[in-house]
Amino acid sequence: MHMLQRDPSPDDSEPQDGADLSPWLIAMAEFVLAETTPTPLPHVPEITLRLARESVPLWDKIERNRDLRGGPPYWGFAWAAGLALARHVIDHPHLVAGRRVLDLASGSGLIAIAAAQSGAAHVIANDVDPLAVIAISLNADANGVAVEASAADLLPPDSGFDPAAVDVVLVGDVFYDHDLAGRAFAFLERCRAAGCLVLIGDPGRADLPSERLTKISDQSVPVTRNCQNVAAAGPDGADYDVRPAAVWAFAGSVAHADVA
């Protein structure tokens, strides 16, 4: 499993050297393994992810366990926008083949895995939730691809991240929260200004700045019934609804032929 990368903070009491951190990592991995089931994905059958069945009970377990330090378990599900962008990448591997790729707000690692399967030279899957980084590592290993998982916060302008270090930035469903949407779009603008190809998967969020973007793909994505995502199937098997999701690029940044 790829080593979890964490940035120390003043109130971070976790030890930082590899030997002392191992029990903490093992406990995190054991939690993810216990709460998820390998699940073949509809819409992207090339990829199998470890998925949870229900988000609320899982989040309750995380909040009750102070050692986990996780947020909402977005990593335990495959979201419609991520499925759409992963499908687009796999169907158009020239977008990432031989290139350095960043998957921002990676969650389960779905999009990062799609990029790695499509021939990317190097893939960074970034998510600030440490449990997501564990899930990304487990999912990448299970799909037989190499992905660098990172928990660093890349959004602040002074984060130290150099957008020129990557060629392609992929992001699925990051505009669900108003405050996050503004910070994420500012980061993506910096990446685009540095010459990156930026592709965004979105299910129709109100805060998506669509007037600044060009839609390059419309898809109908199967998701677990009454959900916005795919979860692990229950005892009665999988039951799906279909939801719309789209893939977007910065308006005028590239010709349509370059992204489709």
Side-chain angles (χ1 to χ4, degrees), residues 1-8 16 18 21 25 28-29 32 44 47 49-50 70-71 74-75 78-79 81-83 85-86 88-90 92-174 180 183-201 247 249-250 259:
M1 184 175 69
H2 302 283
M3 178 58 69
L4 172 65
Q5 300 177 6
R6 305 175 69 232
D7 290 338
Q16 293 299 305
L21 192 58
L25 278 172
M28 299 271 280
V32 173
V44 190
I47 296 174
L49 296 180
R50 298 199 66 92
Y74 300 131
W75 50 266
W79 298 82
L83 289 162
L85 183 50
H88 189 80
V89 167
I90 291 174
H92 304 90
H94 67 277
L95 297 173
V96 298
R99 308 178 81 180
R100 302 165 298 173
V101 176
L102 169 66
D103 175 19
L104 181 68
S106 185
S108 65
L110 166 60
I111 298 168
I113 293 167
Q117 288 185 344
S118 299
H122 182 73
V123 181
I124 301 170
N126 173 259
D127 198 294
V128 295
D129 187 337
L131 280 171
V133 175
I134 296 292
I136 290 164
S137 297
L138 292 170
N139 284 327
D141 288 347
N143 285 275
V145 296
V147 169
E148 176 187 342
S150 169
D153 185 358
L154 304 184
L155 296 188
D158 60 354
S159 69
F161 175 75
D162 180 6
V166 296
D167 305 302
V168 182
V169 178
L170 306 173
V171 56
D173 205 355
V174 77
L180 174 61
R183 294 188 295 117
F185 195 71
F187 173 82
L188 296 177
E189 285 185 309
R190 294 195 296 274
C191 293
R192 178 59 210 146
C196 299
L197 170 64
V198 178
L199 299 180
I200 301 164
V247 178
F250 274 79
V259 292

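Along the sequence shown, residues are numbered consecutively beginning with 1.
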| request: Compare every heavy atom of Leu199 with every heavy atom of Ala249, then report the nearest pair and how far apart it is. | output: CB-CD2, 3.9 Å
| query | Does some side-chain heavy atom of Leu104 sit less than 4.5 Å from a side-chain heavy atom of Leu155? | reply | yes
| said: Keeping Asn143 on the side-chain end and Val145 on the backbone end, is there a donor-acceptor pair under 3.5 Å? | reply: no
| field | Residues forming a side chain to side chain contact (heavy atoms under 4.5 Å, CB included) with Asp103, sequence neighbours excluded | value | Ser106, Ile111, Ala112
| task | Please determine which of Ile113, Leu110, Val147 meets the side-chain contact (heavy atoms from CB on, under 4.5 Å) test together with Asn139. | result | Ile113
| query | What distance separates Leu170 CG from Leu188 CG, expressed to the nearest 0.5 Å? | reply | 10.5 Å
| Which atom pair, heavy atoms only, marks the closest approach of Cys191 to Val198? | CB-CG2, 4.2 Å
| To the nearest 0.5 Å, how far apart are CG in Leu102 and SG in Cys196? | 8.0 Å
| message | Do Val101 and Val89 have side chains that approach each other closer than 4.5 Å (heavy atoms only, starting at C-beta)? | response | no
| field | Nearest non-hydrogen partners of Trp79 and Tyr74, listed with the distance | value | NE1-O, 3.0 Å
| task | Output the distance between atom CG (Asn126) and atom OG (Ser150), rounded to the nearest 0.5 Å. | result | 5.0 Å
| request: Looking only at non-hydrogen atoms, find the nearest pair between Gly172 and Leu85 and report the distance. | output: N-CD2, 4.4 Å
| task | Give a yes or no on whether the backbone of Ala164 and the side-chain of Arg100 come within a donor-acceptor separation of less than 3.5 Å. | result | yes
| query | Of the non-hydrogen atoms in Ala115 and Val96, which two are nearest, and what is the gap between them? | reply | O-CG2, 3.8 Å
| message | Is there a side-chain contact between Leu138 and Trp75 in this structure, where contact means two heavy atoms from C-beta onward sitting under 4.5 Å apart? | response | no
| request: Taking salt bridge (charged side-chain N to carboxylate O under 4.0 Å, His left out) as the test, write out the residues that go with Asp173, two or more places apart. | output: Arg205
| query | Just how far is it from atom NE2 of His94 to atom OG of Ser118, taken to the nearest 0.5 Å? | reply | 10.5 Å
| query | Between atom CD1 of Ile90 and atom CG of Leu95, what is the distance when rounded to the nearest 0.5 Å? | reply | 12.0 Å
| said: As an exercise, state the distance from CD1 of Ile124 to CZ of Phe161, rounded to the nearest 0.5 Å. | reply: 6.0 Å
| task | Give a yes or no answer on whether the side chain of Ser159 reaches the backbone of Leu154 with a donor-acceptor pair at less than 3.5 Å. | result | yes
| Taking every non-hydrogen atom, the tightest pair across Gly107 and Asp127 | N-OD2, 2.9 Å
